[in-house]
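Following: one structure in C-alpha cells, then a few remarks.
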Amino acid sequence: MKNGFLQTSAGYILLLLLFCGIFLSSGCISDISLFPSSRDPLKEFTISGDGPEKVLLIPITGAISLEPDINLFFLRQGVVQEVVSKLRMAEADSHIQSVVLLINSPGGSVTASDILYREMLNYKERTGVKVYAMMLDVAASGGYYAALAADKIYAHPTSLTGSVGVIFIHPEFSRLL
C-alpha cells in the first residue's frame, strides 16, 4: 500500500511538472505580429499609397489609464502616454492631413480620459488638422469622452457605445457656511 501510494504521488508530481513545463514554455514562442505598429508604437509605416499626404491612425485600446501596463514579461506605456507621444511626433510632421482615433475601450479613469480629450483639442488648435473618431467594439465612458474631441465621430454598426459616465464630485459647502 505504501509503495503504491508513493508511485501514485510520484506520478502526479511528474505529471504536474510536465504540465508546468509546457505551460511556462508556451510563453517562449516567437512573437509574430500582423501589424508592425504593435512592436514599436511610434514607428511610421505605410498601409497604402506613396504620396506625401498622411493619415495618422491612433489606436485607443483597453482601459484608459495614466499608469503603464506592467506584465510579467513586458512593460507597455499607458494609453495616455502612447497617444500623447504620437500626437507630439505628428505635430512635427507637416504631411499629416488628418488623425483617426480607433477607439476600442470601455473607459478608464476620469483624469486619464480628460487628459486625452484635452490633448486632442490642443493638437487640433495648434495644427489645424482634422480629427476623426472611429468607435469599434466598445467605446463607452472614457472612450466616448475621448472621442468627443473629434471633428466627426463614426461608430461601427455593432459598436457598444454611450454614457460618458465620468463622475466628478464637486462638494457644495454654501449651506454649511
Side-chain angles (χ1 to χ4, degrees), residues 27 31-47 53-174:
D31 181 27
I32 299 172
S33 176
L34 297 176
F35 304 102
S37 67
S38 64
R39 288 182 189 239
D40 184 3
L42 299 178
K43 183 177 180 182
E44 182 177 308
F45 63 96
T46 302
I47 294 175
E53 294 84 19
K54 298 177 187 177
V55 174
L56 175 63
L57 299 175
I58 299 179
I60 298 176
T61 57
I64 298 172
S65 172
L66 295 170
E67 301 297 321
D69 182 16
I70 301 171
N71 197 327
L72 183 61
F73 299 108
F74 66 89
L75 173 71
R76 192 185 106 183
Q77 282 185 324
V79 172
V80 173
Q81 294 168 329
E82 195 170 309
V83 171
V84 170
S85 297
K86 288 178 182 182
L87 289 175
R88 295 291 184 263
M89 288 182 70
E91 213 170 315
D93 190 344
S94 62
H95 294 292
I96 292 181
Q97 302 298 307
S98 62
V99 174
V100 178
L101 303 173
L102 298 173
I103 302 172
N104 193 10
S105 171
S109 80
V110 176
T111 303
S113 301
D114 186 61
I115 289 171
L116 276 183
Y117 172 78
R118 292 176 190 280
E119 285 291 331
M120 293 308 301
L121 288 179
N122 291 337
Y123 172 78
K124 287 178 11 176
E125 186 179 310
R126 287 189 304 263
T127 63
V129 171
K130 295 284 186 187
V131 175
Y132 303 94
M134 178 63 196
M135 298 176 179
L136 301 174
D137 290 330
V138 178
S141 190
Y144 185 50
Y145 185 24
L148 292 176
D151 294 298
K152 196 157 193 176
I153 300 173
Y154 298 93
H156 191 275
T158 61
S159 179
L160 178 63
T161 188
S163 175
V164 169
V166 175
I167 299 171
F168 180 75
I169 298 172
H170 185 264
E172 178 63 44
F173 294 111
S174 62

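None of these values were measured; they are calculated from a predicted model.
Taking OG from S141 and CD1 from I64, the interatomic distance works out to 8.0 Å, rounded to the nearest 0.5 Å. Note that the CD atom of E91 and the CG atom of L56 stand 12.0 Å from one another [nearest 0.5 Å]. Between the CD1 atom in I60 and the CG atom in L136 there is a gap of 10.5 Å [rounded to 0.5 Å]. Between the OG1 atom of T161 and the CD1 atom of I153 there is a distance of 8.0 Å, given to the nearest 0.5 Å. Between the CE atom in M135 and the NE2 atom in H156 there is a gap of 13.5 Å [rounded to 0.5 Å]. Atom NZ of K152 is separated from atom CE of M134 by 12.5 Å, given to the nearest 0.5 angstrom.
Taking both residues in full, the closest heavy atoms of P106 and G62 are given as CD-O, 3.8 Å, listed atom of the first, atom of the second, then distance. Between A133 and I103, the shortest heavy-atom contact is CB-CD1, 4.1 Å. The nearest pair of heavy atoms linking S113 to G142 is OG-CA, 3.2 Å. Taking each heavy atom of M120 and A149 in turn, the nearest pair found is CB-CB, 3.5 Å. Between Q97 and S94, the shortest heavy-atom distance links the atoms NE2-O, 4.0 Å. Contact between Y123 and I96 at its shortest, heavy atoms only, is OH-CG2, 4.0 Å.
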query: Should L87 and N122 be marked as a side-chain contact (heavy atoms from CB on, under 4.5 Å) after you check the CA-CA gap, both sets of side-chain angles, and the distance that decides it?
result: CA-CA 10 Å; L87 289 175; N122 291 337; over 6 Å; no
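K86 contributes no side-chain N or O that, together with a main-chain N or O of P59, makes up a donor-acceptor pair within less than 3.5 Å.
Between Y154 and Y132, the ring-plane angle classifies as tilted under the 30° and 60° cut-offs.
Using a 4.5 Å cut-off on side-chain heavy atoms (C-beta onward), N104 and V138 make contact.
In summary, E119 and R88 engage in a salt bridge, as defined by a charged side-chain N under 4.0 Å from a carboxylate O.
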